[in-house]
Amino acid sequence: MNSDILAGLNPRQREAAETIDRPLLIIAGPGSGKTRLITYRIAYLVRTVGVSPHRIAAVTFTNKAAHEMKNRLASLVRFDANALTVGTFHGFCAKILRIDGESIGLDPNYVIYDDADQLDLIKRSMRETEIDPKRYPPRGFLSAISSAKSLLLDAAGYALGTTTYYEELISRVYERYDQLMAQSAAVDFDDLLLKAHQMLDGQPDVARKYQERYVHFMIDEFQDTNTAQYAISRLMTQGHRNLCVVGDPDQSIYSWRNADIRNILSFGDDFPDAKVIALEQNYRSTQTILDAAGKLISPNSQRVEKELFTDNGKGVPIVVEEGYDEEEEARKVLVEIGALTAPAGKDGKRYALGDIAVMYRVNAQSRALEEGCLRYGIPYQIVGGQKFYQRQEVKDVVAYLRLIANSDDDVGLNRVINQPARGIGRRTLDELARLARDLDISMFEAISRISPSDSQAGIMATNPFTTRATKALTDFRDLILALRERSKEINLVDLIDEVMERSGYARFLRESTDRGEDRLDNVTEFKSAASDYVNLEMREALTAFLESVSLVSDIDSMEEKPETITLITLHQAKGLEFPVVFIVGMEDGLLPHQRSIDDPSAVEEERRLCYVGVTRAKERLYLMRAFRRGFRGGMGPNAPSRFLSDIPRSLIKQAEDSEPAEKTTTRPSRSTPRRREQDGQSAGRRRPGFEFTSKTKTPSDSRSRESKPDRGVPPNKAQGPPRPRPKRAAASSRGGPGFSTGDKVRHGTFGEGIILSCEPSGSDYQVTVAFKEGHGVKRLLLGFAKLEIVGQE
DNA sequence: CGAGAATAGTTTTTT
DNA sequence: ACTATTCTCG
């Protein structure tokens with residue numbers, strides 16, 4: 001192996017990698033080899049400097065980024081990448097709290113509440129503090145509390161700073177909410193940070209332990225950290241000050257999640273001895289794309305000037321195009337994709353579907369694109385959208401598991417105590433909540449107090465329930481206790497089975513009229529996710545599994561599939577790159593979004609978001625918009641995005657020469673009044689003049705990361721005849737991305753089977769598969785089920 | 001208490 | 001358009 005491990009870096013990157021004994025701020029423009037630098041810096045620390053991997057922590061924005069970093073390191077140098085601590089801030093905090101949280105009074109079996117759980121508890125808190133959830137939207141309270149926590153304000157701290165009546169109300173709810181959280185032995189996402197900070201700040205022994213362990217602390221995507229995260233970083237590096245942060249202020253797009261761009265803008269002030277290094281050479285995009293990006297971002301006021309340059313050539317001009325409505329916009333995108341992937345290619349180059357991404361501001365925009373993909377037979381993968389772990393039946397099973405892990409979890413209890421129906425209705429629950437509140441205990445605990453079997457004398461007298469209700473409640477409690485006992489003897493997957501059976505939930509689903517079977521199958525999929533944990537001891541398995549359910553996001557499971565295009569939000573696209581990028585919805589009201597349009601700093605963030613999208617493109621960029629767009633039933637015309645007018649005309653392709661027919665391509669300009677669409681343009685279903693082929697994949701696959709060929713990339717027979725199919729037929733007879741009726745597939749749990757049908761379901765696909773070996777016919781969700789094609793009809 | 005109908009709010013982005 | 005909550009009746 002090369003003794004100079006940094007040989008592959010440019011001088012700036014190299015300097016950054018070798019700066020290991022002081023605070024370091026790396027301003028890394030898009031495509032400047034940031035990830036590469038971080039990876040090499042760690043490799044250098046371990047291999048050349050001799051730092052134990054055990055002593056290095058790197059915090060990334062998503063779990064996916066963390067996995068990638070570990071994988072890259074594992075292949076770059078020979079050491080156990082698992083010895084490194086790499087993860088998200090939330091994951092890191094969850095970990096140290098699990099170990100040492102007791103020092104600040106946190107139950108080691110704490111559960112993590114997600115957004116929906118939080119909202120439930122906020123509502124309860126509002127009811128209990130007599131604040132009408134109809135007059136004041138609970139969402140608003142939740143976000144106010146969340147942002148307070150991000151600023152490290154606990155309930156008491158917040159109360160001190162209230163100045164308005166509204167804040168006064170929030171303060172009351174915050175206080176009650178916190179009590180209930182504590183009562184439930186639960187924390188929310190913000191608590192993970194807040195409590196980790198409290199622990200490191202207030203428990204010197206604990207703090208010292210971590211400070212001494214981690215002699216190097218690195219943070220990626222630093223522009224998107226919030227106040228709490230930054231404070232934690234400072235605490236963690238107090239002694240040695242080896243804090244290395246990497247980011248790009250121009251890509252700060254999470255202020256709505258309380259990220260504070262000032263963290264990166266003022267890092268130099270907080271650490272006067274910090275070295276600041278700017279990486280400005282871009283290895284990703286063409287000069288044209290880079291120029292456009294530069295002009296696009298420059299109107300922003302809050303920024304650190306930087307000049308991006310590249311050795312890459314000028315490339316091709318950016319294409320700006322308008323469709324009549326979102327449907328036509330989608331059609332234009334897909335027709336162009338057809339041309340790019342046709343054997344003849346575009347300008348002599350042929351792209352693979354996996355080279356192409358379509359990005360949009362809001363998830364709802366994916367719909368028109370999906371429908372288009374179905375009609376044209378273009379396989380796609382969609383990131384995000386309907387989330388697996390948020391499906392009702394999955395959340396219910398999770399709630400049962402959480403109760404087994406921690407029976408004080410009130411939100412979980414409320415969720416499933418009457419699911420399936422056990423005759424425990426609203427009155428009973430209200431009464432139980434009141435009792436719990438009076439006694440200052442959790443609801444589960446409250447059931448024990450009314451239980452005839454082990455109640456102490458005197459408490460029985462307070463039992464406000466009917467005999468029937470009392471029995472229903474204690475039966476439920478006994479169910480959970482029995483399951484907990486049982487859990488000591490079996491593994492996690494078997495535990496889920498027992499939960500399903502003994503709770504009656506399986507039967508409930510089986511007998512439920514609609515989608516019962518699908519929902520059962522979702523539970524089966526859920527079990528297969530749990531199967532990763534069967535080898536651990538139960539307590540640990542349960543905790544780790546529940547934690548991953550809470551902290552894992554959709555982008556984490558995104559795979560590189562060479563034979564599908566990618567549909568993705570601009571936010572999720574951060575950190576990714578594609579040879580070809582389409583951004584759709586380049587309209588005022590969407591990008592910038594309506595909700596930000598009258599706040600200048602919000603518009604700046606929208607501009608950064610647009611910048612992020614533009615700079616994902618390596619070779620080709622298309623900026624698409626629709627003249628009018630459907631919105632909640634109605635349709636409204638939209639002006640072209642104001643951002644379009646910041647891109648110089650010289651970088652834009654003016655006329656579409658491949659198609660001599662009537663044009664819709666227009667020069668983007670805010671001042672130009674929108675002209676009416678030419679007649680027949682939208683109504684006339686012009687045939688796309690291209691042919692889909694592609695049994696074989698183009699050899700000019702320019703992706704940098706190697707994708708594993710081992711799993712689930714269907715040889716793409718999807719691209720059938722050139723003509724769009726009628727909508728209906730397309731949806732039912734054609735498979736989703738790469739799968740069609742008759743394909744032989746393999747599933748991790750069920751083994752081999754044959755696809756009977758495949759149809760869209762939400763943003764996903766539901767495939768019906770007949771499995772061999774007695775597993776029968778199952779309906780699975782393509783997005784989650786790991787299906788692998790083993791043969792075709 | 002529970003099931004089904006009516007109604008309101010929702011969706012910008014997600015750890 | 002779609003879900004979640006509230007209302008009404010058995």
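Hydrogens, waters and symmetry mates play no part in the numbers below; they use all other heavy atoms, side chains included. In what follows, chains are A, B, ... by sequence order, proteins preceding strands, each numbered from 1.
In this structure, A/D132 atom CG and B/dA8 atom P are separated by 14 Å, rounded to whole Å. Between the NZ atom of A/K123 and the C1' atom of B/dG9 there is a distance of 10 Å, rounded to whole Å. Rounded to a whole Å, the OH atom of A/Y360 is 17 Å from the P atom of B/dT11. Rounded to an integer number of Å, the gap from A/Q392 CD to C/dT3 C1' is 10 Å. For the pair A/L97 CG and B/dT15 P, the interatomic distance rounds to 19 Å; values are reported in whole Å.
Checked for salt-bridge contact, A/D120 and A/R124 miss the test: no charged N lies under 4.0 Å from a carboxylate O. Using a 4.0 Å cut-off between charged nitrogen and carboxylate oxygen, A/K34 and A/E221 count as a salt-bridge pair.
When the side-chain nitrogen and oxygen atoms of A/N258 are compared with OP1 and OP2 of B/dT14, none of them lie within a distance under 4.0 Å. Regarding contacts with the backbone of B/dT15, every side-chain N or O of A/T62 stays at 4.0 angstrom or more from both OP1 and OP2. Contact annotation: A/T569 side-chain N/O to B/dT14 OP1/OP2 distance is under 4.0 Å. Taking 4.0 angstrom as the limit, A/K574 places none of its side-chain polar atoms (N or O) nearer than this to OP1 or OP2 of B/dT13. Not one side-chain nitrogen or oxygen of A/Q572 sits closer than 4.0 Å to the OP1 or OP2 atom of B/dT13. Between A/R426 and C/dT5 there is no side-chain polar atom (N or O) within less than 4.0 angstrom of OP1 or OP2. Remark: A/N363 is in phosphate contact with B/dT13, judged by side-chain N or O atoms under 4.0 Å from OP1 or OP2.
For the salt bridge (charged side-chain N to carboxylate O under 4.0 Å, His left out) with A/E329, the qualifying choice from A/R625, A/R629, A/R367, A/R628 is A/R629, the only one to do so.
In this structure, A/H571 and A/P137 both approach DNA chain B, and ranking their closest nucleotides by distance from the 5' end singles out A/P137. Ranked by how close their nearest DNA chain B nucleotide is to the 5' end, A/D115 and A/T428 are led by A/T428.
Between the A/S252 side chain and the A/P249 main chain, no donor and acceptor come within less than 3.5 Å of each other.
Ring-base stacking between A/Y254 and B/dT13 is not satisfied when judged by a centre separation under 5.5 Å and a plane angle under 30°.
Residue A/R367 places its side chain closer to C/dC2 than to any other of C/dT5, C/dC2, B/dT15. Distance from the side chain of A/R595 is smallest to B/dT11 among B/dT11, C/dA4, B/dT13.
Going from the P atom of C/dA4 to that of B/dT13 covers 16 Å, rounded to whole Å.
Nucleic acid contact class of A/N418 (heavy atoms, under 4.0 Å, all strands): sugar-phosphate only. Note on A/A364: nothing from the nucleic acid sits closer than 4.0 angstrom, heavy atoms only.
Note: A/F61 and A/Y254 have tilted aromatic rings, judged against thresholds of 30 and 60 degrees for the angle between ring planes.
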